[in-house]
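Residue numbering restarts at 1 for every chain, and letters A, B, ... go by the order of the sequence lines.
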Amino acid sequence: MLRSAIGATVVGVAAFFLNRATLELPVFVPVGLFVVLLVVGVGFAVLRYRLWGYEVRGDSLYLERGVLTRVRTVVPFVRIQHVDSARGPVERVLGLASTVVYTAGSRGADVRVPGLTAEGSDELQDRLKGLAIRAEGDDAV
Amino acid sequence: MKLSPLSVPYKAAQKGASIVFTLAFVLFSGASAFLGSIGGPLVAVGLLGLVVVVLVGYEVLYYQRYDYDLTPDTFDIRSGVVSRRNREIPLRRIQNVDISRNIVQRVLGIAALDFETAGGSDTEAAIRYVTFEEAKRLQSEIARLKRGDAKDAPDIESDELFALSDRELAIVGALSFDLRGPGILFFLLSGSIPFVSSFFEFGVEATLLALGGVLVLTGIVLVSWLAGFALAVVNYYGFRLSRTADELLYERGLLQRYDGSIPFDKIQTLTIEDNPLKRRFGYATLAIETAGYAPGQGNQRGSEAAVPLAERDRVLSLANDIEAFGTPDFTRPPKRIRRRYAARYLIVLGVVTGIFFGINAALGASLPWYGALVVLPLVPIAAHYKWKHRGYWLGENHVVTRNGFWKRQTKVVPYYRIQTVIDSRTIFQRRWRVATVTVDTAGSLSLSNQDAAAVDVEATDAEGLRAELEGRLVTAVAERRSRRRRVIGPVEAEAVADEKSEGDEQTDVADDASSSGV
């Protein structure tokens, strides 16, 4: 969510300067634009956060996300190839992490659960790994 | 084993041709004056001679230092002139073995060999060049070793499934359109219409514009048809499809000849494709996707068809031969969706008319900007047809989806090939209370083309459909696993290895996919 807010701020600031530089409009126009963009960006981020959800079910990982397009993805454990715990620079600053689940599919090749705490992400990773191995069958001979 | 000795002169000539060309160009343009003062034409000849010697020498060295070996488990290649490279490719990883020959290579009797593995569009190994017989031998040997037969087991018979007759080839050509070149042409030409029309007097403009438009359109259709025809003939001349116990073998091509293999094991999705023309005459096309590779890819974009054209019934029975899915009974989207499509087309029409109006206003002319509205009565018809050709069906072992009017695709996906199931609803879909359920597989066509998807399904059904697909996937995978274990029997270690190999090939897919940033 913070990522989106930061993104919105950046865009807003950029737009602000762009407006000032290119157009000879009165000051409040670019400022207004900036405010509008910020509000929209933050609003978006809040919505995205609210609508984001994941659930570890009996046979699969279930994810819900998306504001404009609501997407629900089901990743069966038998299809999980490997699970990563990833932290981008912004996430590291904020103490967050994501868990990325890889399958062999071409569209849903990596399914990302963002915005987890660092321990939460590792926990989820271990949990999914265990479930994936178990789903693989009792032939771990 | 060594490459074919003919590869030396061939490769030297291949590389030499481009170098000599550039050299000649350089020499005869500017530098000749400079060189003339030194030694004249002798220098040019000397330089050329040097290039030839270096090239041939390099190729000879490459040939001498290239060695390959087919062992029961791996294919080993030792190569490299300056920096040596030792590769061992597990046979398990090799999905397709493809042979290609262009005209010159066919005359010389040599061929290029490519090994494809799951998950990449790059070949795992490209061997240049062996004799054609050797290439065929390697192709069948690798298939035999992967099957696990003993070295002296008799050759597996291959039955021919399908051969494209000349008549069918002509029909393939006649029914193919290649819109790429003409599309660009159209884009460029359409910009000139306002300029051209400004040269003529008032009043004449409207008719001239209409005339011009019709001419351009006919021109485009003609050019794209001819291009499609030529491309189809070049690609599918002499097409033959045959099968062995565990793979499909195909041959095709006029200028460049391909001999490829598609193991049954790796088939992800079958696509039966047609267009209105083909439907009218009762024909269809069959395409097969394997993980990470589509037949006919390689170094040319080309088409991905396994059966370029045959009568529809024939195509259906061939498809059923490969994956026995039965006869689908499609469930269509709810009827109200036709209104949604109609609305969509109306919006597009509105936008186009708006653009015309804008152009008209900008030029200050009196062009018939409302001309686009002519197609208005066609909108409900188009919406109906789009709805009509949409649908999905859950078979016993496969899910079948069908979409499209101009390019209609019926996709057959076995349950055990499903990777993830995605239910998505755009804002508009939410308003119409429908959803799209997409079935993701490991096939590479899914990247450029679409995945099998049940589009615009009733929202209340979507959840159930998704759960159903997931359930069947899990059962199908478990079933396959237990079936394999039973077949292999007490040799547990091998069983695990084989299970792992099914997972492994997908790991390879995932590895390659993730490393290539998919």
B:I427 portion near chain A, given a 4.5 angstrom heavy-atom threshold: both
Approximate separation, where rounding is to 0.5 Å, of B:S424 OG and A:R72 CZ: 10.0 Å
B:I418 versus A:R79, closest heavy-atom pair with distance: O-NE, 2.6 Å
Greater than 12 external heavy atoms within 6.0 Å of B:E396's CD: no
Nearest-0.5 Å distance, OH of residue A:Y62 to CZ of residue B:R466: 5.0 Å
Side-chain (B:R425) to main-chain (A:V71) donor-acceptor, under 3.5 angstrom: no
Considering all heavy atoms, the nearest A:P76-B:Q419 contact: CD-O, 3.2 Å
B:L469, part contacting chain A, at a heavy-atom distance under 4.5 Å: neither
B:E463, part contacting chain A, at a heavy-atom distance under 4.5 Å: side chain
